[in-house]
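So the structure is just underneath, and the comments pick up after that.
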Amino acid sequence: MVTIIITRTNCAADNVLSVSGVVTGTVSGDACDSEGSIATFGPAVAGGTINFDLRSQYGTGRYRVEGVHPSYTVRFDDAFGDGDFDDIVLWVRCTSDCDLLDRPSRDTILDNPVVQSGLKDIWELSDPENPTMFSRQERGMWIVQNLQDGSLTWVLFDNTSNYACGLNVPMDQMTRLNESGTQRVVGLAHTHPHEPGTYRNPGHCTVYQHNEITIQDGPSGADIRAASTLGQPHYILDHQHIYRVRPDGRMQQFNRNPNCR
């Protein structure tokens, strides 16, 4: 599977962004107005390269790739003439079809391959292997059901959810999704990329008022309350487990497959 997230836009003209190679399709018909949108392609039938094509009223854009497979950043210049390669920025993530759990959970949401692809993606977006502990960042997603056919997909938490050393649940985004008439939220998930332990407060974690920060395993009280308040199952990923918190507070732990990313 290939997931492409438009993480930043700094342009005004209509831009059609597409991919070809091992996967083919349109990422966005109006990329300048699609910041935060997600496109998923695949699975690819074979290994190979991905080519990017950006077309606008100015012509064919150019791009640069930063990073290496399986996740990397693509920066576009839209051919306007300034050559800044900051008009559209993508995060590209290639995932295998391995099961994120060491065995099926019998949870129809958690065992869904599209949902699992999203869980793998938000885990990588958290930068969980960064040696600087508090450069890692919790990331979240809504699990969404398409009303027309009942299929599941996911939507990344909007940018208002992120802050240093924590995560807010963007309730207004859930409301917008539920009022769309085409989708409804059936769950939410977020990451805990920090290992348990006690750490010196790096200073930018202003939500913590003490010199030391203690991180524990499992869902926090706020995570449990979110499941109850929203009336939806809440999934929390850490380095070894996925936890499911039901709206009634019941919790179950599942072991992650260490060989699946």
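Since we're looking at a predicted model, the values are computed, not measured.
Here Arg244 pairs with Asp107 in a salt bridge; the nearest charged N to carboxylate O distance falls below 4.0 Å. A salt bridge links Glu195 with Arg136: the closest approach of a Lys/Arg side-chain nitrogen to an acidic carboxylate oxygen falls below 4.0 angstrom. Between Glu66 and Arg75 there is a salt bridge, since a side-chain N of the basic residue sits under 4.0 Å from a carboxylate O of the acidic one. Contact check on Asp121 versus Arg93 returns a salt bridge, with a Lys/Arg side-chain nitrogen under 4.0 Å from an Asp/Glu carboxylate oxygen. We find that Arg8 and Asp87 are not joined by a salt bridge, their nearest charged nitrogen and carboxylate oxygen being 4.0 Å or further apart. Between Asp248 and Arg246 there is no salt bridge, since no side-chain N of the basic residue sits under 4.0 Å from a carboxylate O of the acidic one.
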| query | Yes or no on side-chain contact (heavy atoms from CB on, under 4.5 Å) for Phe52 and Leu90, after CA distance, side-chain angles and deciding distance? | reply | CA-CA 10 Å; Phe52 299 88; Leu90 309 179; 4.0 Å; yes

| request: For side-chain contact (heavy atoms from CB on, under 4.5 Å), just list the numbers for Ser34 and Ile88, CA-CA rounded to whole Å, side-chain angles, deciding distance to a tenth of an Å, and then say yes or no. | output: CA-CA 10 Å; Ser34 299; Ile88 299 171; over 6 Å; no

| field | Audit row: Asp111, Arg106, salt bridge (charged side-chain N to carboxylate O under 4.0 Å, His left out) steps and yes/no | value | CA-CA 7 Å; Asp111 291 338; Arg106 298 183 181 178; over 6 Å; no

| Would Thr9 and Glu35 satisfy side chain to side chain donor-acceptor pair (under 3.5 Å), going step by step from the backbone distance to the final call? | CA-CA 6 Å; Thr9 60; Glu35 184 170 321; 3.2 Å; yes

| task | Please step through side-chain contact (heavy atoms from CB on, under 4.5 Å) for the pair Leu177 and Val144, ending with a clear verdict. | result | CA-CA 8 Å; Leu177 289 167; Val144 177; 4.2 Å; yes

| request: List the steps and the verdict of side-chain contact (heavy atoms from CB on, under 4.5 Å) for Ile4 and Ile38. | output: CA-CA 6 Å; Ile4 300 175; Ile38 301 170; over 6 Å; no

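Under the 4.5 Å side-chain criterion, counting only non-hydrogen atoms from C-beta, Val114 is not in contact with Ser151. Looking at Ile5 and Leu125, their side chains come closer than 4.5 Å, going by heavy atoms from C-beta outward. Within the 4.5 Å cutoff, no side-chain heavy atoms of Val115 are placed close to those of Tyr235. Side-chain contact check for Phe76 versus Arg62: every heavy-atom pair is 4.5 Å or farther apart. Residues Ile236 and Thr191 have side chains not in contact (no heavy-atom distance under 4.5 Å, counting atoms from C-beta outward). Using a 4.5 Å cut-off on side-chain heavy atoms (C-beta onward), Asp53 and Thr60 make contact. The shortest distance between side-chain heavy atoms of Gln137 and Asp127 does not fall below 4.5 Å.
Side-chain atoms of Thr229 come within 3.5 Å of backbone atoms of Arg225 as a donor-acceptor pair (strictly under, hydrogens ignored).
By the disulfide (SG to SG under 2.5 Å) test, Cys32 pairs with Cys11, sequence neighbours left out. In this view, Glu138 satisfies the side chain to side chain donor-acceptor pair (under 3.5 Å) rule with no residue, not counting sequence neighbours.
Both Leu110 and Met141 sit in one connected hydrophobic cluster of ILVMFWY residues. Membership requires side-chain heavy atoms under 4.5 Å apart, directly or through other members. Tyr72 and Val19 fall within a single hydrophobic cluster, where Ile, Leu, Val, Met, Phe, Trp and Tyr are joined by side-chain heavy atoms under 4.5 Å apart, directly or via other members. Under a hydrophobic-cluster definition in which Ile, Leu, Val, Met, Phe, Trp and Tyr are linked whenever side-chain heavy atoms come within less than 4.5 Å, directly or via other members, Ile122 and Leu152 are assigned to the same cluster. Linking ILVMFWY side-chain heavy atoms closer than 4.5 Å, directly or via other members, places Leu147 and Val185 in two distinct hydrophobic clusters. No continuous path of hydrophobic side-chain contacts links Val169 to Ile224 [ILVMFWY only; heavy atoms under 4.5 Å].
In this structure, the separation between CD on Gln148 and CD on Gln183 is 11.0 Å, given to the nearest 0.5 Å. Atom CG of Leu17 sits about 11.5 Å away from atom CG of Asp78, to the nearest 0.5 Å. The distance from the CH2 atom of Trp154 to the CG atom of Asn112 is 13.0 Å, given to the nearest 0.5 Å. Annotation: the span from Leu54 atom CG to Tyr63 atom OH amounts to 11.0 Å, rounded to 0.5 Å. Taking CG of Leu230 as the reference point, atom CH2 of Trp142 lies at 5.0 Å (rounded to 0.5 Å). With rounding to the nearest 0.5 angstrom, the CG atom of Asp14 is 15.0 Å from the CZ atom of Arg55.
The two residues Ile143 and Leu188 come nearest to each other via the heavy atoms CD1-N, 4.2 Å. Residue Arg256 comes nearest to Asp238 through the heavy atom pair NH1-O, 2.8 Å, listed as atom of the first residue, atom of the second, then distance. Taking every heavy atom of both residues into account, Pro247 and Gly231 meet most closely at CG-C, 3.5 Å.
Counting only residues at least two apart or in different chains, ring-ring contact (aromatic ring centres under 6.0 Å, His included) contacts with residues 91-127 comprise Trp123-His239.
Residue Gln216 qualifies as open at atom CD: its count of foreign heavy atoms under 6.0 Å is 12 or below. More than 12 heavy-atom neighbours from other residues, nucleotides or ligands sit within 6.0 angstrom of CZ on Phe41.
The closest side-chain donor-acceptor pair between Ser18 and Thr26, if any, does not fall under 3.5 angstrom. The closest side-chain donor-acceptor pair between Gln240 and Asn255, if any, does not fall under 3.5 angstrom. Looking at Tyr243 and Asp217, their side chains never bring a donor and an acceptor atom within 3.5 Å of each other. His192 and Asp223 form a side-chain donor-acceptor contact under 3.5 Å, judged by distance and modelled atom types alone.
Cation-pi geometry between Arg64 and Phe85 is satisfied (NZ or CZ under 6.0 Å from the ring centre, within 45° of the ring normal).
For His194 and Phe134, the ring centers are positioned less than 6.0 Å apart.
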